[in-house]
Amino acid sequence: MRLNRIKAVAGAAAAALLVVTALAGCSSDSDDSGSGGGGKWAKSSGTLVFGTVPDKAGSDSNWKPLEDYIAKKTGYKVEFYPTADYTALIAAAVAGKVDVAAFSGLTYVQATNKGAELNVASSVIASKGLTDPGYYSEAIVPAGSSITTLAGAKGKKVCFVDPNSTSGFLFGLLALQKAGLNVKSSGQDASGAPKFDDFTATFAGSHDKSVQAVGAKQCDVGFAEDSEAEPAAKKGTLKVIGKEYVPGGPLVYSKNLPQDAQDKIKPVLSSITLDQITAAGVDATEAFQEGFQAAKPETDDYYKSIRDICEQIPAAKCAPTS
């Protein structure tokens, strides 16, 4: 099982490298679209390369309504950037291979820590019923579990999403720390994932897979975003025993784009509602609405709370290294 995991990680890394390499060959170092202000596009003039965190199955189709909305409002072609995992999106942003992206808070912080040149336009209200940007990281256990609080996770197997996941790892560690567990890493396993003395960590790869693993009792406790955990709880396959409010993921655009392109993109990304998307003639699909209700203007300062947690929990490895 460990060998399969190592192969999977190696395969994902190779796929990410191939995608970055392929797009590197297509990048445009100059603005030849007739627009002013210099700068460069990730692929070609007039085409916005759009990246998202692959936090669940179907990320490309789930985000298509936003891509179509951006295309209609800016007049640019929008092309989806396929990413095999969270690390691949961070690498692509650092390499300047995406023009626009929907990050999670943590992956945005990690990308900028590594030198990605990004401007925050807005932050997403992901969960239904919220009026401010954000969503919830939920702690879950299988239906019928005797564990009722996170203190019961001590000595148990805990499912996380990905070491770069905001709600599926960073805020999971924060919740466990609040429950009195030691979240200081005691080393790494064969695949490079952190080990902990108080619990055994395993990474499912995405939010839906973390929910599935907990529901199937492959983990005693797990973490996932509310849009994935709540439906499973309603079906009765698991129960929610805790939640942490998470800052909304940012919608960003590249600082490397020509200035006039940035001036056109910023107001489009800064404030978005489902009504606006529909009014533009775009079908705001049910899958899209599971993770997007609106976006409100924000700046990089909004993500200071995540940077503070990164300093508080070294095992997350998201604090600046300089």
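Any value given below was found using the heavy atoms of this structure, including those in side chains, with hydrogens, waters and symmetry copies removed. Along the sequence shown, the residues carry numbers beginning at 1. It should be emphasised that the depicted structure is a prediction, and the values quoted were computed from it without experimental measurement.
- In this model, a donor atom of one side chain and an acceptor atom of the other lie less than 3.5 Å apart for T166 and S104.
- No hydrogens or angles considered: a donor-acceptor pair under 3.5 Å links the side chains of Y303 and S123.
- Counting heavy atoms from C-beta on, the side chains of F50 and E79 never come closer than 4.5 Å.
- Under the 4.5 Å side-chain heavy-atom criterion for grouping Ile, Leu, Val, Met, Phe, Trp and Tyr, V158 is not connected to Y136 through any hydrophobic cluster.
- Here the side chain of D162 pairs no donor or acceptor atom with the backbone of S206 at under 3.5 angstrom.
- F292 has its side chain out of reach of N62: every pair of non-hydrogen atoms, C-beta onward, lies at least 4.5 Å apart.
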Intermediate values then yes/no, side-chain hydrogen bond (donor to acceptor under 3.5 Å, both in side chains), D220 and S145: CA-CA 8 Å; D220 302 294; S145 173; over 6 Å; no
Quiz: residues 170-182 side-chain donor-acceptor pairs under 3.5 angstrom, not counting sequence neighbours:
| from | atom 1 | to | atom 2 | distance (Å) |
| --- | --- | --- | --- | --- |
| Q177 | OE1 | Q312 | NE2 | 2.6 |
| K178 | NZ | E244 | OE1 | 3.0 |
| K178 | NZ | E244 | OE2 | 3.3 |
| N182 | OD1 | K184 | N | 2.9 |

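- From E298, atom CD reaches atom CG of D132 across 8.5 Å, with rounding to the nearest 0.5 Å.
- Heavy-atom contacts from other residues, nucleotides or ligands closer than 6.0 Å to CD of E286 number 12 or fewer.
- Looking only at distances, a side-chain donor or acceptor of Q289 sits under 3.5 Å from a matching main-chain atom of A284.
- A donor-acceptor contact shorter than 3.5 Å is absent between the side chain of Q188 and the backbone of A193.
- S254 contributes no side-chain N or O that, together with a main-chain N or O of L118, makes up a donor-acceptor pair within less than 3.5 Å.
- The aromatic ring centres of Y76 and W41 sit less than 6.0 Å apart.
- To the nearest 0.5 Å, atom OG of residue S44 and atom NZ of residue K77 are 7.0 Å apart.
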Show the atom names and distances, to 0.1 Å, of all donor-acceptor pairs under 3.5 Å that link a side chain in residues 268-276 to residues at least two apart or in another chain.
| from | atom 1 | to | atom 2 | distance (Å) |
| --- | --- | --- | --- | --- |
| S270 | OG | K266 | O | 2.6 |
| T273 | OG1 | Q276 | N | 3.0 |
| Q276 | OE1 | T273 | N | 2.9 |

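- A salt bridge is absent between D99 and K40; no separation between the charged side-chain nitrogens and carboxylate oxygens falls under 4.0 Å.
- Applying the 6.0 Å contact sphere to NZ of K255 captures more than 12 heavy atoms from other residues, nucleotides or ligands.
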Salt bridge (Lys or Arg N to Asp or Glu O under 4.0 Å) between R307 and D300, worked out: CA-CA 11 Å; R307 293 188 174 94; D300 175 81; 2.9 Å; yes
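- Between D68 and K72 no salt bridge is recorded (no basic side-chain N to carboxylate O distance below 4.0 Å).
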Derivation of the side-chain hydrogen bond (donor to acceptor under 3.5 Å, both in side chains) call for D189 and S191: CA-CA 5 Å; D189 64 16; S191 64; 2.8 Å; yes
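- A distance-only check finds no donor-acceptor pair linking the side chain of T200 to the backbone of K157 [under 3.5 Å].
- In this view, N256 satisfies the side chain to side chain donor-acceptor pair (under 3.5 Å) rule with no residue, not counting sequence neighbours.
- A donor-acceptor pair is defined here as one N or O able to donate and one able to accept, closer than 3.5 Å; no such pair exists between the side chain of E228 and the backbone of V211.
- I125 and W63 fall into different hydrophobic clusters, where Ile, Leu, Val, Met, Phe, Trp and Tyr are joined by side-chain heavy atoms under 4.5 Å apart, directly or via other members.
- V252 and I90 are not part of a single hydrophobic cluster, where members link through side-chain heavy atoms under 4.5 Å apart.
- In this structure, S122 contributes its side chain and P297 its backbone to no donor-acceptor pair below 3.5 Å.
- Here the NE2 atom belonging to H207 is positioned 12.5 Å from the CZ atom belonging to F160, to the nearest 0.5 angstrom.
- Under the 6.0 Å cut-off for aromatic ring centres, Y245 and Y135 do not qualify, their centroids lying 6.0 Å or more apart.
- Proximity of a side-chain donor or acceptor of D226 to a complementary backbone N or O of E230 within less than 3.5 Å is not detected.
- Linking ILVMFWY side-chain heavy atoms closer than 4.5 Å, directly or via other members, places L257 and V94 in two distinct hydrophobic clusters.
- A distance of 7.0 Å separates CD of Q218 from SG of C159, quoted to the nearest 0.5 Å.
- Side-chain contact between F80 and T52 is present, with at least one heavy-atom pair separated by less than 4.5 Å.
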